[in-house]
Structures are given as C-alpha cells and as structure tokens.
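Working notes, structure below.
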Number of protein chains: 2
Amino acid sequence: MKLSTKFTMALHLMIAVDYFSNQKITSDFLAGSINTNPVVVRRLLSQLKAANLVEVVRGTGGVKITQPLDTITFLDIYNAVEKPELFHFHDHPNLECPVGSHIHELLDQRLADVQKAMEDKLQTMTLADLTTDLSHMV
Amino acid sequence: MKLSTKFTMALHLMIAVDYFSNQKITSDFLAGSINTNPVVVRRLLSQLKAANLVEVVRGTGGVKITQPLDTITFLDIYNAVEKPELFHFHDHPNLECPVGSHIHELLDQRLADVQKAMEDKLQTMTLADLTTDLSHMV
DNA sequence: TTTTGATGTAACTATTGATGTTACGACATA
DNA sequence: TATGTCGTAACATCAATAGTTACATCAAAA
C-alpha cells in the first residue's frame with residue numbers, strides 16, 4: 001500500500017502559495033494548479049494551518065506562509081497531513097503462541113527506527129530547496 | 001495513510017516458520033499464530049515464494065526458508081509484499097501552471113531519496129537479528 | 001486406487017480511508 | 001447589504017486491504 005497523495009498535494013500547495021505570493025490566492029486558484037476540488041485544498045490548508053505553517057484569511061480569502069521557507073522541512077509538511085505511524089501492525093497476534101506473544105517486543109523498536117530514518121531524510125529537505133530549483137526552471 | 005499490515009504479518013510468518021521448523025508447518029497453523037485466515041497466510045506465502053524466500057510444499061504441506069536467516073533482510077520481506085513506490089503522486093497537475101508543470105521535476109528525485117533512506121535502514125535488519133532476540137525471550 | 005489433508009486461487013463481502021462533490025452557514029470587505 | 005471566500009458537514013465514489021467460502025489440484029499414506 002502506498003501513502004496517500006496528500007503529502008505531494010501539500011508540497012505542491014506550499015510551492016504554489018510562495019510562487020504566486022504577489023497575488024491573492026484562493027482555494028479555487030490552488031485547486032486549478034493541482035487539478036482537484038477546492039474543498040480538497042481547503043482541507044489540506046486546514047491541516048497546514050493547524051501545524052502553523054500557513055495563515056488563511058477567512059472571508060476575503062488569501063493564504064500566506066508564516067515561516068521562512070528554509071525553516072520549513074518536508075517533515076513538517078508530512079507530519080501536518082499524514083498519520084504519525086508509518087507501519088501498521090496486524091491487530092491480534094495470538095498471545096498463546098511464543099512468536100505471537102513476543103512479536104511486538106521484537107518489532108516495535110525496529111519499525112520505529114526505520115520510520116526515524118525516513119523522517120531524518122525528510123527533515124534535510126526544505127521548501128527553500130524547491131523554490132530555488134523552480135526559479136531556475138521557469 | 002499507513003502502510004498495510006502485510007509487512008508485519010510477513011515478518012511474523014517468517015519468524016514462526018523458523019521457530020517451529022522442527023515440525024510440519026501449515027497455513028492453518030501459521031494463521032493461528034497471526035490470528036487471521038489461512039487464505040491470507042497462503043497469499044503472503046505465495047508472495048514470499050515468488051521472492052525466493054520460502055519453499056511451500058504442495059499437497060502434503062510444509063514451509064521452509066530457503067536462505068540463511070542472516071542474509072534475509074527486512075527489505076527483502078518488504079519488497080516481497082509491498083508496492084515498489086512508497087509515495088503516491090497526485091495524478092493530473094495542471095501543466096498550464098508553472099508550478100504544476102514542474103512539480104514532478106521538483107519532487108521525483110527527492111521522494112526517491114527519502115524512500116532510499118527507508119530502504120537502506122530496512123536492509124540493515126535481518127531475520128537472524130529477530131531469532132536471536134526471540135531466543136533470549138522465551 | 002482411494003482417502004486424506006494440504007495448497008493455489010477465484011470469487012465474493014466487508015471495511016477503511018482517500019478523494020471528489022454539493023451545499024450552506026460564517027465571515028470580511030467593498 | 002451584496003459579494004466572494006473560507007470552514008465544514010454530508011454524501012458519493014473509488015481503491016486497497018483483509019477476511020471468507022468454495023473448490024480444483026496435488027502428494028502421500030492407507
């Protein structure tokens with residue numbers, strides 16, 4: 001099973017908000033760039049707002065990024081829109097079985113370490129890296 | 001969105017196959033340890049078999065691991081049962097938009113690097129690590 | 001040869017989460 | 001007050017997982 005598209009959509013959103021920061025940015029406008037429904041955008045913005053990454057102006061519309069781009073990492077975006085646990089344990093191992101009764105003890109820390117490796121890598125990448133690259137492309 | 005439980009179930013399977021290797025191991029027996037349906041086990045074994053990690057004896061039953069435990073990594077198990085791509089890109093970014101038209105160029109390599117970091121970590125862990133730990137627990 | 005017990009797999013159901021959509025109240029400004 | 005926007009509920013749709021039943025196939029023992 002793959003992760004959801006929320007992470008890449010959220011990254012797309014943030015880049016677009018920065019790129020078009022000289023104009024007023026509405027959820028309709030952003031939906032046009034991602035090619036999705038404005039409500040999907042609003043839900044993502046709502047999560048990014050809860051993570052203190054953006055401010056959304058109610059009523060008149062408009063989105064602003066609240067922190068310097070080089071301090072916003074991929075991990076910040078990821079955590080804002082995805083579940084905290086990457087791996088999904090099967091629910092009811094048989095505790096009567098010597099393997100089933102120790103399976104969590106065997107795996108939990110290792111799975112956490114793998115997730116940590118992914119998170120560490122996500123943390124090395126910032127939105128500033130993207131906007132720098134983009135400025136050389138357009 | 002979390003990954004599926006197939007990965008942890010597959011790890012559970014492999015450990016159990018090793019732990020009970022002195023007896024004949026059926027999908028019914030393994031299903032009892034994981035607490036799931038035998039068909040779920042057979043489907044997982046089928047994928048592990050396709051990855052050359054186990055042999056399953058048809059007709060009379062029985063499962064054997066085909067390689068030394070210290071050469072079978074978490075990554076081998078992961079690749080046997082999960083999709084090759086971890087991240088899931090949103091389908092149709094607007095190519096008329098300067099952000100939409102460059103979003104893949106901006107993200108593809110970076111997402112691949114993150115996945116690589118996860119895979120590298122998965123590759124440092126082997127089934128032998130688990131059986132060694134388990135032998136100290138029971 | 002027949003019986004037994006197992007695998008392989010198709011087909012179906014149920015559940016979950018993501019994604020898309022409509023609708024509408026709340027809000028800020030002109 | 002009118003307009004355009006956000007926030008969010010409600011619902012529809014879709015895809016994948018996970019579970020289940022059923023049955024053909026197979027290998028070995030009786």
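Any value given below was found using the heavy atoms of this structure, including those in side chains, with hydrogens, waters and symmetry copies removed.
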Is there a side-chain contact between A:Arg110 and B:Asp133 in this structure, where contact means two heavy atoms from C-beta onward sitting under 4.5 Å apart? yes

Does A:Arg58 make a side-chain donor-acceptor contact with the base of D:dG7, cut-off 3.5 Å? no

Using whole Å, what does the distance between atom P of nucleotide D:dA18 and atom CG of B:Asn35 come to? 15 Å

Specify the separation, in whole Å, of atom NE2 of A:His90 and atom P of D:dA16. 23 Å

Where the side chain of B:Val40 is concerned, which of D:dT20, C:dA18, C:dA6 is the nearest nucleotide? D:dT20

Rounding to an integer number of Å, can you tell me how far B:His88 NE2 sits from D:dC14 P? 16 Å

Flag side-chain contact, heavy atom, 4.5 Å: B:Val114 against A:Met125: yes

Is B:Gly61 touching bases, backbone alone, or none of the nucleic acid, heavy atoms closer than 4.0 Å? sugar-phosphate

Output the rounded distance in Å from CG (A:Asp91) to C1' (C:dA14). 15 Å

Nearest heavy atom decides the nucleotide; on that basis, is B:Thr5 or B:Thr60 closer to the 5' end of DNA chain D? B:Thr5

Measure the distance from CG on A:Leu44 to P on D:dG7 and round it to the nearest whole Å. 12 Å

Strictly by modelled atom types, are B:Ser101 and B:Glu96 linked by a side-chain donor-acceptor pair under 3.5 Å? no

B:Lys2 near the nucleic acid: base, sugar-phosphate alone, or nothing, with a heavy-atom cut-off under 4.0 Å? nothing

Rounding to a whole Å, what distance do you find between A:Leu3:CG and C:dG17:P? 14 Å

Is the ring pair B:Phe87/A:Phe7 parallel, tilted or perpendicular, if the boundaries are 30 and 60 degrees? tilted

Earlier contact from the 5' end, DNA chain C, for A:Val39 and B:Gly62: B:Gly62

If you only use heavy atoms from C-beta on, which nucleotide in C:dA18, D:dG7, D:dT5 is closest to the side chain of A:Thr26? D:dT5

How long is the line joining CD1 of B:Ile34 and C1' of D:dA18, in whole Å? 12 Å

Among C:dA18, C:dG20, D:dT17, which is the nearest nucleotide to the side chain of A:Thr36? C:dG20

Go nucleotide by nucleotide along DNA chain C from the 5' end; which of A:Asn37 and B:Ser27 gets its closest nucleotide reached first? B:Ser27

I want to verify a distance call: between D:dT8, C:dA18, D:dG19, whose nearest atom is closest to the B:Arg43 side chain? D:dG19

Using a 4.0 Å heavy-atom cut-off across all strands, classify B:Lys6 as base, sugar-phosphate, or nothing. sugar-phosphate

A:Asp28 CG to C:dT22 C1': how many Å, rounded? 14 Å

Side chain to side chain, A:Pro38 and A:Val41, heavy atoms closer than 4.5 Å: no

